[in-house]
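Start at 1 and go down the list; that is how both ligands and their atoms are numbered.
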Amino acid sequence: MAARTRLRRARRALLASGTTAVLAAALLAGTEATSQAATQGPCDIYAAGGTPCVAAHSTTRALYGAYNGALYQVRRASDGATRDIGPLSAGGYAAAAQDTFCAATTCLITVVYDQSGRGNNLTQAPAGGAAGGPDDLAPATAAPVKAGGHPVYGVYVAAGTGYRNNHTSGIATGDQPEGMYAVLDGTHFGGGCCFDYGNAETNNLDTGNGHMEAVYFGDSRIWGTGAGNGPWVMADLENGLFSGADVGYNANDPSVGHRFLTAVVKGGPNQWAIRAGNARSGGLSTFYSGARPNASGYNPMHKEGAIILGIGGDNSKSSSGTFYEGVMTSGYPSDATENAVQANINAVGYQTAPVTSSSLTVGSRISLRATTACCTADSLRRNTDGTVAISPINAVSPAADRTAAGWTVRAGLADSSCLSFESAAAPGQYLRHSGFQLHTAASDGTALFMQDATFCPQAGHSGQGFSFQSVNYPNKYLRHYAYTGYLAGDGGSNTWDNATSWSEDTSWLAAQPWS
Ligand code: AHR
């Protein structure tokens, strides 16, 4: 059989069998299957599509099949030493070296290296027009997940955290075309401005409409919205988060909350698009594709070519999110190329990494101790009226107080892979939120009660202990604020959503009970 016929048949068979879209796309592009190494990364796919990566950032994996350099750098608190973390092998997943290096201390992510070879690394963002700086660095252990079955870490952005590079190479400027994607935690977001990844001003200032082009994720209603209550993937084009052609509301941009979310924005002369999908499976949906927004200043664009992560163009840093990987390209990628990249992301098999610890064993009694510097002598306790607060408790505290700070760990009432906490002082009563304030109460048997009383442990947002995520408000966590117990977001409409000290206030040590 002629080679060309064999190739045609192979193409048809692969497409019919649903074999990975990566391979299929390569075949459609006329590339021999043998040239598609199993280890190819998103940037190999973009390059094959004629829109090469000019920045490639990930703390979880290499984004080129041949990349074997550093992925990110951590700095530990104990002695200030730094360590580069690379992949286990070329094209592979991040090695576990961070765990050994950071054992018995805490670490911050200091650099997210650019894998494209252009040196477009992301480091601590400086002060900007909207907020002082330098911004906070992400705790290195706050976003543990699994990629390819390997334990890895994402970049956990609490409000105040930000990375930037104002001196880039190869990033689009002016009206030049570019594409970008980011894989994010779709359950971690905020309503402030602006959790972004992408192209921004090179001077940290808002220099006007069209001077940015970045992926935005969150439920901000300041500029644009989509359908439902959010969060939404939008494009931050400066002085506006855009969900479609119109300023404000665009019905075709749906709320998306996949635990692992692929978010895509691309833009070229009088065209741009928003696309997104579940990073774990399935394809990308196009939420907008068309002409530049119906507002002045965005056509042509005035892109400046800096790169931001976690902040707005003017260093607005009032929002939050978690970043696992992302790239920026030169040229406007085709939908087919992006679809192939999405198949490659699917193949990673991003998974949550359930936090397991002997200190959170179901059936054991524990105390939950505050970690914020103000309050390290304090434990979470039930008051006699059923409200919940923190107060200093120690071995010689009155017995009633020591018992009030005791919690029996139970399998989560609404989700047995998470936890509920039964009060040692009031057996049968569970820690729950109501009106986003913490109380203890006996179950009334409703689904709402079960959900309000179920919390999923994660690594502590500050890098210490655990944070406890509400099962029905996944963007809110157990927090102390003004010595009172709340369910709080990292920024939000309640006073206790205050972003200051949020990471610390939501990080708890699960320790021996006081009685
Ligand atoms: O476009 C939304 C935001 O507006 C930008 O991120 C920021 O630079 C400005 O405040």
Side-chain angles (χ1 to χ4, degrees), residues 122 124-136 155 157-166 168 171-175 178 180 182 184 189-226 230-250 253 263 265-267 272-274 287-288 292-321 323 326 328 490-491 499:
L122 292 169
Q124 188 168 27
D135 294 355
D136 297 335
V155 183
V157 173
T161 304
Y163 294 82
R164 191 170 196 125
N165 186 330
N166 286 335
T168 61
I171 304 295
T173 57
D175 209 25
E178 66 177 349
M180 64 197 78
L184 308 170
F189 56 89
C193 177
C194 290
F195 177 76
D196 289 349
Y197 171 71
N199 195 326
E201 291 94 339
T202 51
N203 63 358
N204 315 306
L205 304 175
D206 176 348
T207 51
N209 296 2
H211 284 247
M212 292 180 63
E213 186 164 70
V215 173
Y216 163 86
F217 179 65
D219 65 348
S220 165
R221 295 170 174 275
I222 306 169
W223 293 278
T225 56
W232 303 283
V233 177
M234 297 192 272
D236 189 342
L237 303 180
E238 189 51 278
N239 296 316
L241 302 177
F242 289 90
S243 53
D246 293 332
V247 173
Y249 174 69
N250 288 280
D253 194 24
V265 164
K266 54 186 170 183
W272 67 289
I274 304 172
F287 299 153
Y288 178 76
R292 288 292 183 183
N294 301 318
S296 68
Y298 300 100
N299 183 28
M301 293 286 283
H302 314 277
K303 294 175 245 190
E304 297 192 20
I307 307 174
I308 50 172
L309 171 60
I311 51 178
D314 59 1
N315 196 41
S316 296
K317 52 181 178 179
S318 308
S319 198
S320 48
F323 173 92
M328 298 172 68
D490 183 11

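Shown here for Asp490 and Ala159, the closest heavy-atom pair between the two residues is OD2-N, 2.6 Å.
Side chains of Ile222 and Leu241 form no contact here, defined as non-hydrogen atoms less than 4.5 Å apart. Inter-residue side-chain proximity for His302 and Glu238 is flagged as unmet; no heavy-atom pair is nearer than 4.5 Å.
Among Tyr197, Phe217, Phe195, the one residue that satisfies the ring-ring contact (aromatic ring centres under 6.0 Å, His included) test with Phe323 is Tyr197.
Checking only distances, Gly313 does come within under 3.5 Å of ligand 1, N or O to N or O. For ligand 1, the polar-atom distance check finds no N/O of Glu201 at less than 3.5 Å from any of the ligand's N/O atoms. In terms of polar-atom proximity, defined here as any N/O pair under 3.5 Å, Trp223 makes no such contact with ligand 1. Distances between N or O atoms of Gly240 and those of ligand 1 include at least one value under 3.5 Å.
Atoms of ligand 1 lying under 4.0 Å from any heavy atom of Cys193, numbered from 1 in the order shown and given with element: 3 (C), 6 (O). For ligand 1, the atoms lying closer than 4.0 Å to a non-hydrogen atom of Ser316 are 10 (O). The distance from ligand 1 to the heavy atoms of Gly312 drops below 4.0 Å at these ligand atoms: 6 (O).
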**OP:** Would you sort out whether Phe242 and Tyr298 count as a ring-ring contact (aromatic ring centres under 6.0 Å, His included), showing the intermediate values?
**Re:** CA-CA 11 Å; Phe242 289 90; Tyr298 300 100; 4.9 Å; yes

Subject >> Pair Glu304-Arg164, salt bridge (Lys or Arg N to Asp or Glu O under 4.0 Å): steps then yes or no >> reply: CA-CA 13 Å; Glu304 297 192 20; Arg164 191 170 196 125; over 6 Å; no

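Close placement of the Tyr288 and Trp272 rings is indicated, their centers lying within 6.0 Å of each other.
Of the listed residues (Asp236, Asp314, Ile222), the one carrying the non-hydrogen atom nearest atom 7 (C) of ligand 1 is Asp314.
When hydrogens are left out, the protein atom nearest atom 9 (C) of ligand 1 is Glu238 OE1, 3.0 Å; that is the closest non-hydrogen contact.
Heavy atoms of Ala130 stay at 4.0 angstrom or farther from ligand 1.
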